[in-house]
Amino acid sequence: WYQCTDKAIRWIDGRLVRMEIAVDITEHKDLERLKDEMVSAVSHEMRTPLTAMLGFTEFMLENEVPREEQQTYLGTMQRETLRLNELIGNFLDLQRLNARRQSFVFAPLAMEDVIGEAVALFQTASEKHHLVIDCPTGLPKVHGDGAQLYHVLTNLISNAIKYSPYGGTVTIGARHEEEMVIVRVRDEGIGIPTEELERVFERFYRVDNTDRRTIGGTGLGLSLVREIIHAHQGRAWVESKPGKGSSFYIALPVAAKETAESAPSSTA
Ligand code: ADP
């Protein structure tokens with residue numbers, strides 16, 4: 001895309017030449033299109049949780065609802081609020097990343113702490129799934145931005161829950177391998193067909209089959225996960241068996257000081 005910003009008439013090689021000055025606005029156009037796509041996807045997706053919350057609050061205000069029932073309704077409202085919060089968070093973050101205005105604050109970070117916080121968010125909201133943490137002690141710290149990595153983990157755990165049947169176990173594990181800390185979020189859910197494994201990280205991409213049509217989403221979460229992990233010089237990938245479950249992995253570089261400390265002494 002080019003936009004004409006100025007016009008001029010000049011003598012060049014004895015001829016009168018009419019010139020137009022154009023600037024490349026491809027990036028600007030891409031951003032504009034992305035913004036339009038995002039606004040329509042997000043506003044569509046916001047309707048479902050908002051309708052649920054509105055319905056439940058109206059019902060509770062207009063009826064004498066027994067205490068146990070109230071708990072159930074409040075639980076649903078909490079889940080829907082979380083979903084809305086995640087949706088808006090993804091939207092804003094992707095927009096900032098695209099406008100290159102997202103600033104990262106890197107520091108040595110204990111991944112087991114970030115995992116603990118992310119799991120705590122879902123522990124009360126998802127009593128229908130078992131959440132298990134499987135981290136060894138003594139993991140080296142990674143070079144990372146805590147808030148961003150928390151966001152990555154909440155996206156992965158939220159998907160693991162969303163695409164699994166009730167009663168399924170979601171295991172969040174971590175291990176140290178070749179100067180990287182590898183975190184795995186494993187579920188026993190519907191899985192992803194092999195030919196779609198790479199595509200799920202694309203912006204707005206959602207695997208299309210009947211099961212998924214009933215599960216809401218924008219296809220933004222995993223693209224954000226990958227962009228954040230790439231900004232950490234890390235890697236994000238998935239392994240999956242349809243009908244058996246999926247494992248999402250993120251690999252993050254160990255913090256520099258940790259590398260030096262954990263390296264064997266060269267004077268031995
Ligand atoms: P959303 O969940 O909002 O659709 P994501 O970018 O988080 O967007 O995921 C993209 C697609 O990848 C989803 O629509 C779904 O088809 C698939 N997917 C993501 N996580 C899982 C998972 N744990 N199990 C099965 N499919 C998944």
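Indexing begins at 1, ligand by ligand and atom by atom, following the structure's order. As the structure is a prediction and not an experimental result, all values here were calculated from the model. Reckoned from all heavy atoms, side chains included, excluding hydrogens, waters and symmetry mates.
- Under a 4.0 Å N-O distance rule, the pair E86/R83 does not qualify as a salt bridge.
- If you take CG on L252 and NZ on K141, they are separated by 15.0 Å, rounding to the nearest 0.5 Å.
- If you look at F201 next to ligand 1, there are no close heavy atoms at all, none under 4.0 Å.
- Heavy-atom separations between G219 and ligand 1 include at least one value shorter than 4.0 Å.
- D187 contributes a side-chain N or O that, together with a main-chain N or O of S246, makes up a donor-acceptor pair within less than 3.5 Å.
- Ligand 1 places these atoms under 4.0 Å from at least one heavy atom of G191: 25 (C).
- The existence of a salt bridge linking E227 and R203 is confirmed by a sub-4.0 Å separation between a basic side-chain nitrogen and an acidic carboxylate oxygen.
- Against a heavy-atom cut-off of under 4.0 Å, L222 is close to the following atoms of ligand 1: 5 (P), 6 (O), 7 (O), 9 (O), 10 (C), 12 (O), 19 (C).
- The closest approach between a heavy atom of K162 and any atom of ligand 1 is below 4.0 Å.
- Using a 4.0 Å cut-off to heavy atoms of S246, the atoms of ligand 1 that qualify are 24 (N), 25 (C).
- Using a 4.0 Å cut-off between charged side-chain N and carboxylate O, E196 and R199 make no salt bridge.
- Below 3.5 Å of separation, one finds no N or O of I190 facing any N or O of ligand 1.
- With rounding to the nearest 0.5 angstrom, the CD atom of E117 is 7.0 Å from the OH atom of Y150.
- Taking every heavy atom of Y205 and a limit of under 4.0 angstrom, the matching atoms of ligand 1 come to 10 (C), 11 (C).
- Contacts with ligand 1 closer than 4.0 Å are made by heavy atoms of both the backbone and the side chain of V207.
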- Begin from the C-alpha positions of I115 and L153 and carry the test side-chain contact (heavy atoms from CB on, under 4.5 Å) through to its verdict. CA-CA 7 Å; I115 291 173; L153 280 170; 3.7 Å; yes

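- Atom numbering of ligand 1 starts at 1 in the shown order; those under 4.0 Å from a heavy atom of L220 are 6 (O), 8 (O).
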